[in-house]
Amino acid sequence: MNKKVKQVTIKTTSAASELVADVLFEEGSEGVSVYDGSDFASLINSDVIWDYVDEKAVSDDPVVRVVGCFAEDKELDALKTRLEELRKNCPFDTGSLELTCALIRADNWDEEWKKYYSPIKTGRLVVVPEWINYAAKKGEKIVKMHPGQAFGTGEHESTRICLYLLQKEIKGGEEVIDVGCGSGILAAAAIVAGARHADACDIDPVAVEAAERNARLNGVEDSVRIVLGSLEECAEGKYDVILANITADVLIAMSNGFRDRLKEGGALIMSGVINSRAAQVEEAMKSAGFTLEEKRTDKEWTGYLWR
């Protein structure tokens, strides 16, 4: 008899879709897919060259569908509570957060979610899912990735901001630390871009496991040291570049710690800041002694390069 799994679909908005995805992961989803018509519309209006686009693929539907997968016997009460908390506390529109559920064959889900990942190019770095064969074009460097259950696939706007900024800063031979590393994509990307060594830390064991897997996947495990713990538990000396793609509150709380671990003239690259919290983050960083060199926004998210 074929094993079945519980597929959960939640209706939301583009702005809230990543937060909904985070909730699904934290409640134990074995994978998450986001169906957002505006993503494709943005892509075809970018500088990517298309031979042909099927107009039917472009959707004006403002409803975004976030799909997760759980064991057949999974109770959904906790998930519904988390969604209600998100509705009450989210600073922007979450949409209806209507939840529907269906039982499907497990083997269908295992392959289905992979269809919605594709190579993502940011500058000269291309983040490529491990199951896709991709031949690097001239000047490109590949960062292989398995999404797992940790944050950081290259899909999220805040991750793309960090990938863009780190390429400007990595010239060759840098000492880097990735704080709140999630999947470890930024630490791996730093080594691929030319850094000598990267430390990476996260307080989530799932993230550490994913970061170790992605370091091996990119063949950089000898250049990346991954630690379960905080910045202070991980850091050894000072760094040329600090990467931190976390949240506004955590970034504010860690501002002095970042300053103490950064070499003179070094760069703090950070993101994960919802636009509405940007002013608070900027005030905290300036109070800690940082000077803003570059600020970037992508949809609802803001990122920075500080000295």
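Side-chain atoms of E300 and E18, non-hydrogen and from C-beta on, never get closer than 4.5 Å to each other. Contact of the Y164 side chain with the K168 side chain is registered, since non-hydrogen atoms from C-beta on lie closer than 4.5 Å. The shortest distance between side-chain heavy atoms of R196 and E175 falls below 4.5 Å. Taking the side chain as every heavy atom from C-beta outward, V192 and I142 never approach each other to under 4.5 Å. Counting only heavy atoms from C-beta outward, the side chains of I177 and L231 approach each other to under 4.5 Å. Taking 4.5 Å as the limit, some side-chain heavy atom of T159 sits within range of a side-chain heavy atom of N245. For the pair Y239 and V179, the minimum side-chain heavy-atom distance is 4.5 Å or more.
The hydrophobic clustering, which links ILVMFWY residues whose side-chain heavy atoms are closer than 4.5 Å, places L243 and L262 apart. Two different hydrophobic clusters hold L103 and F70 under the rule that ILVMFWY side chains link at heavy-atom gaps under 4.5 Å. Hydrophobic clustering, with ILVMFWY side chains joined whenever heavy atoms are under 4.5 angstrom apart, keeps F258 apart from L186. Taken together through direct or relayed side-chain contacts under 4.5 Å among Ile, Leu, Val, Met, Phe, Trp and Tyr, I170 and V127 form part of one hydrophobic cluster. Under the 4.5 Å side-chain heavy-atom criterion for Ile, Leu, Val, Met, Phe, Trp and Tyr, V34 and F25 are members of the same hydrophobic cluster.
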- Which is it for R277 and I252 under the side-chain contact (heavy atoms from CB on, under 4.5 Å) test, yes or no, and what are the steps along the way? CA-CA 10 Å; R277 301 292 306 280; I252 290 170; 4.1 Å; yes
- Start with the C-alpha distance between Y134 and E140, add both sets of side-chain angles, then the distance that settles side-chain contact (heavy atoms from CB on, under 4.5 Å), and finish with yes or no. CA-CA 11 Å; Y134 180 88; E140 292 181 346; 2.8 Å; yes
- Item | Test log, rule side-chain contact (heavy atoms from CB on, under 4.5 Å), inputs V64 and Y35 | CA-CA 6 Å; V64 176; Y35 301 84; 5.8 Å; no
- Would you please test D199 and V227 for side-chain contact (heavy atoms from CB on, under 4.5 Å) and show each step? CA-CA 8 Å; D199 288 333; V227 174; over 6 Å; no
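In this structure a side-chain-to-backbone donor-acceptor pair under 3.5 Å is present from S29 to C69. A distance-only check finds no donor-acceptor pair linking the side chain of K74 to the backbone of K6 [under 3.5 Å]. Between the side chain of K238 and the backbone N or O of D240 there is no donor-acceptor pair closer than 3.5 Å. T122 places no side-chain N or O within donor-acceptor distance of the main-chain N or O of L125, the cut-off being under 3.5 Å. A side-chain donor-acceptor contact under 3.5 Å links S271 to the backbone of T302. Although no hydrogens or angles enter the test, the distance criterion places no donor-acceptor pair under 3.5 Å between the side chain of S255 and the main chain of A288. Under the 3.5 Å distance criterion, the side-chain polar atoms of R296 are left unmatched by any main-chain donor or acceptor of L305. Panel note: side chain D36, backbone S14; no donor-acceptor pair is recorded below 3.5 Å. For N275 (side chain) and D298 (main-chain N/O), no donor-acceptor pair under 3.5 Å exists by modelled atom type. Using a distance-only test at 3.5 Å, with no hydrogens or angles considered, no donor-acceptor pair links the side chain of E84 to the main chain of R82.
Here the shortest heavy-atom pairing between R160 and I120 reads CD-CG2, 4.2 Å. Across all non-hydrogen atoms, the minimal contact from A190 to L166 is CA-CD1, 4.1 Å. Taking every heavy atom of both residues into account, S118 and I132 meet most closely at CA-CD1, 4.0 Å. Taking each heavy atom of L228 and P205 in turn, the nearest pair found is CD1-N, 3.7 Å. Minimum heavy-atom separation, R261 to A235: NE-CB, 3.6 Å. The two residues C90 and L19 have their closest heavy-atom pair at SG-CD1, 3.9 Å.
When the ring-ring contact (aromatic ring centres under 6.0 Å, His included) test is applied to Y304, the partners found at least two apart in sequence or on another chain are W306. Qualifying side-chain hydrogen bond (donor to acceptor under 3.5 Å, both in side chains) partners for S17, counting only residues two or more places apart in sequence or in other chains: none. Residues that satisfy the salt bridge (charged side-chain N to carboxylate O under 4.0 Å, His left out) test with K295, not counting sequence neighbours, are E282.
To the nearest 0.5 angstrom, I10 atom CD1 is 5.0 Å from L99 atom CG. With rounding to the nearest 0.5 angstrom, the CG atom of D202 is 4.5 Å from the SG atom of C181. Taking CD of E212 as the start and CZ of R225 as the end, the distance is 12.0 Å to the nearest 0.5 Å. L163 CG to K121 NZ: the interatomic distance, rounded to the nearest 0.5 Å, is 12.0 Å. Atom NZ in K11 sits 7.0 Å away from atom OG1 in T100 (nearest 0.5 Å). Between K144 atom NZ and E130 atom CD the span is 9.0 Å, to the nearest 0.5 Å.
A salt bridge is absent between K88 and E85; no separation between the charged side-chain nitrogens and carboxylate oxygens falls under 4.0 Å.
Residue V220 is tested with L217, D222, N218 for a side chain to side chain contact (heavy atoms under 4.5 Å, CB included); the sole match is N218. Here the rule is salt bridge (charged side-chain N to carboxylate O under 4.0 Å, His left out) with R307, and of E264, E294, E169 only E169 fits it.
Environment of CD in E26: crowded, with over 12 heavy atoms of neighbouring residues, nucleotides or ligands closer than 6.0 Å. Residue I203 places its CD1 atom among 12 or fewer non-hydrogen atoms of other residues, nucleotides or ligands, all under 6.0 Å distant.
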